[in-house]
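To keep things clear, I will list the structure first and then write my remarks on it.
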Amino acid sequence: MAIIGAGPAGFYTAYRVLTKLPTAHIDMYESLPVPYGLVRFGVAPDHPEVKNCQDKFAEVASHPNFQYLGNIPIGLPEEKGVLPLASIVPHYNALVLSYGASRDKKLNIPGEDTLRGVYSARDFVGWYNGNPENRGLDPGLENAEEAVIIGQGNVALDVARMLLSRVDRLRETDVTEYALEKLARSRVRRVRVVGRRGPMQASFTIKELRELLTLPSVFFHPIPATILPPPFLTSTFPRSQKRILEILHRHNTLPSLPVPAKKSWSLNFLLAPTHFHSLPTSPTHLSSIQFQHTLLPSPPLAYSPSAPTTFAPSFTTFPAQLAFKSIGYLSLPLPGSLHLGIPFNPKLGLIPNENGRVVIPQETGPEEGFKEIGTIRVPGVYAAGWVKRGPTGVITSTMFDAFETGDAVVEDWVRGAEFMGYEDGREERDKRGWEAVEEEARGRGVRKVGWEEWRRIEEAERERGRRRGKEREKFGTVEEMLGVLE
């Protein structure tokens with residue numbers, strides 16, 4: 001079995017399959033030399049406990065039938081330094097796609113793609129976490145005093161916490177040194193975390209909210225009382241909403257620091273972005289963001305997590321030299337996958353599947369309105385993680401999602417379902433996996449990084465970290481990572 005993507009979804013799928021089918025052989029392909037995906041590049045550096053799942057992943061990698069194949073990007077045949085998916089598929093019985101979501105959703109408003117100072121939260125998080133893809137980002141922290149984060153999920157709160165935290169606190173984490181240098185020179189003093197709906201629809205969790213509200217020497221601007229549900233209603237909500245409301249009400253009424261505190265932040269609700277603006281004197285740089293006010297329906301529908309909004313005929317403009325878009329991620333089809341008959345839904349940004357089994361939806365013709373009337377299973381092809389269900393949830397939900405996919409693989413194998421490489425209803429038995437792929441990979445200039453080589457990179461990062469009094473100092477480029485192995 002080949003797994004594409006060495007993040008949590010890939011590792012948990014491998015763990016499930018090897019637990020239930022110990023004779024399975026699994027090759028895990030990863031585009032970077034280093035594994036763990038969002039656990040390495042997406043989890044907040046000051047939340048090291050969330051990364052404990054890496055111990056389980058290392059246990060999976062120690063299985064004698066598991067092979068890690070790092071530094072192997074999947075690309076098109078005409079590209080150099082990549083391996084085409086078509087070169088991998090013929091040599092496996094099953095293919096699990098767990099490569100995550102690599103792009104951001106767009107706002108599609110003026111100035112989004114043209115003004116300096118407008119960034120994706122995903123890129124910013126990758127930048128301070130040492131993702132080589134984002135190494136060249138220069139967020140201009142030293143030139144900005146006011147920042148706006150669009151979106152109110154946990155990633156948005158992570159970004160706010162990084163902008164507002166004392167750098168000496170961050171030096172104890174594995175935030176990269178190049179990011180710490182920039183953060184130390186940051187002039188950001190005011191942060192707004194803006195959402196188009198209300199507090200009952202915000203997707204941040206209790207832990208992230210509490211951490212941000214208790215940052216030392218940071219002032220929280222109270223939320224207008226008309227926006228928060230009244231305290232006497234708090235007990236009627238589900239536990240998580242109840243706790244969030246209790247925290248917001250408490251910090252709305254607690255004596256706080258005086259407004260002249262060095263740094264401050266706010267949660268701004270019921271605002272939808274409409275325009276990123278610049279000044280005539282600096283036409284290429286962000287100077288402010290215009291928002292249109294939105295309205296929730298009347299209670300009790302206003303308290304529903306899925307409550308819709310409508311636009312009000314009024315606008316608000318916030319000054320901002322920095323903006324971070326945190327409105328969700330999108331998966332893309334893997335290069336070459338469509339030509340191999342692997343479907344992709346561009347509207348939803350995921351691979352059509354049923355419990356992890358990749359399927360091709362069957363629809364009626366235009367005269368019946370293209371209604372779905374069934375699906376056809378793609379033999380031996382599975383999906384796990386964000387490319388399966390969309391970019392939602394935490395690592396625990398990814399684990400259960402991957403277990404479902406792993407169970408599907410084992411169930412299909414045990415019952416003798418059709419897998420990849422069947423001809424005339426009979427299985428091609430000679431599937432040699434990486435052994436059959438390796439020669440072509442080498443000929444295409446692909447330099448494989450195995451698990452023991454990754455451990456050498458990891459140890460070098462830990463040694464760099466020890467010299468700085470932290471857990472590790474990550475390498476920020478592929479060249480630096482590979483340099484350890486020379």
Side-chain angles (χ1 to χ4, degrees), residues 1-40 50-72 74 83 88-89 91-100 356-357 380-385 387-388 395-396 398-415 417 419-421 427 429-438 441 446-459 462 481 485:
M1 182 170 84
I3 296 177
I4 310 295
F11 270 103
Y12 279 127
T13 301
Y15 169 75
R16 192 68 160 188
V17 171
L18 289 171
T19 299
K20 294 195 165 189
L21 198 66
T23 56
H25 288 258
I26 297 176
D27 290 342
M28 178 178 282
Y29 291 81
E30 167 59 44
S31 61
L32 290 172
V34 297
Y36 304 149
L38 277 181
V39 174
R40 179 180 169 96
V50 180
K51 302 184 183 185
N52 290 339
C53 57
Q54 292 177 167
D55 296 335
K56 173 59 68 177
F57 302 159
E59 179 187 319
V60 172
S62 68
H63 194 286
N65 291 351
F66 177 94
Q67 184 171 204
Y68 172 72
L69 304 168
N71 198 42
I72 303 183
I74 306 299
L83 191 62
I88 296 172
V89 166
H91 305 291
Y92 294 89
N93 299 110
L95 175 71
V96 176
L97 301 167
S98 60
Y99 54 86
R357 297 176 178 91
V381 182
Y382 301 84
V387 75
K388 169 188 173 184
I395 290 177
T396 303
T398 295
M399 179 183 72
F400 287 117
D401 167 274
F403 283 179
E404 179 185 62
T405 297
D407 288 344
V409 174
V410 174
E411 179 185 320
D412 290 348
W413 186 259
V414 170
R415 70 182 175 89
F419 274 76
M420 296 193 306
E427 179 192 358
R429 286 287 178 184
D430 187 22
K431 301 284 189 177
R432 298 187 296 123
W434 173 248
E435 182 186 340
V437 178
E438 185 174 12
V446 174
R447 198 274 195 220
K448 180 206 78 171
V449 172
W451 190 258
E452 289 308 312
E453 290 179 308
W454 145 241
R455 297 300 295 268
R456 287 168 58 191
I457 294 172
E458 182 180 40
E459 181 51 39
R462 291 188 184 279
M481 296 172 186
L485 307 178

Using 0.5 Å steps for rounding, measure from the CG atom of Leu21 to the CH2 atom of Trp413. 8.0 Å
Give the intermediate values and the outcome of salt bridge (charged side-chain N to carboxylate O under 4.0 Å, His left out) for residues Arg462 and Glu458. CA-CA 6 Å; Arg462 291 188 184 279; Glu458 182 180 40; 3.4 Å; yes
Using side-chain contact (heavy atoms from CB on, under 4.5 Å) as the criterion, point out the one residue from Val39, Val34, Leu32 that pairs with Tyr36. Val39
List the atom of Glu453, the atom of Gly450, and the distance in Å for their closest heavy-atom pair. OE1-N, 2.9 Å
In terms of heavy-atom contacts, Arg40 and Pro35 come closest through CD-O, 3.8 Å
Test applied, side-chain contact (heavy atoms from CB on, under 4.5 Å); reference residue, Glu404; option that passes from Arg357, Lys388, Arg16, Met399: Lys388
Nearest heavy-atom contact between Ala61 and Phe66 is CA-CD2, 3.4 Å
Nearest-0.5 Å distance, SG of residue Cys53 to OH of residue Tyr12: 4.5 Å
Rounded to the nearest 0.5 Å, how far does CD1 of Ile72 lie from CD of Glu438? 8.5 Å
If you look at every heavy atom in Tyr68 and Ala6, which pair is closest and at what distance? CE1-CB, 3.9 Å
Check: Gly433 main-chain N/O paired with Asp27 side-chain donor or acceptor under 3.5 Å: no
Side chain proximity check, Ser31 to Tyr99, heavy atoms < 4.5 angstrom: no
Interatomic spacing from CD1 in Ile74 to CD in Glu30 - rounded to 0.5 Å: 9.5 Å
Heavy-atom closest contact (Val96 atom, Ala384 atom, distance): CG1-CB, 4.3 Å
Under 3.5 Å donor-acceptor, Tyr92 side chain and Ile26 backbone: no
Does the ring centre of Tyr15 sit less than 6.0 Å away from the ring centre of Phe57? no
Rounding to 0.5 Å, atoms OG1 (Thr398) and CG (Leu38) come to a distance of 8.5 Å
Gly385 versus Ala9, closest heavy-atom pair with distance: CA-CB, 3.5 Å
Taking C-beta and beyond as the side chain, do Tyr382 and Val17 meet within less than 4.5 Å on heavy atoms? no
Indicate yes or no: does Glu59 engage Lys56 in a salt bridge with an N to O separation below 4.0 Å. yes
Is a side-chain N or O of Thr13 found less than 3.5 angstrom from the main chain of Gly406, in a donor-acceptor match? no
I need the Met28 CE to Ile3 CD1 distance, nearest 0.5 Å. 4.5 Å
If only atom types and distance count, is the side chain of Asn65 paired as donor or acceptor with the main-chain N or O of Pro22 below 3.5 Å? yes
Heavy atoms, side chains only, cut-off 4.5 Å: are Tyr29 and Val437 in contact? yes
Do Arg447 and Leu485 make a side-chain contact, defined as non-hydrogen atoms from C-beta onward lying under 4.5 Å apart? yes
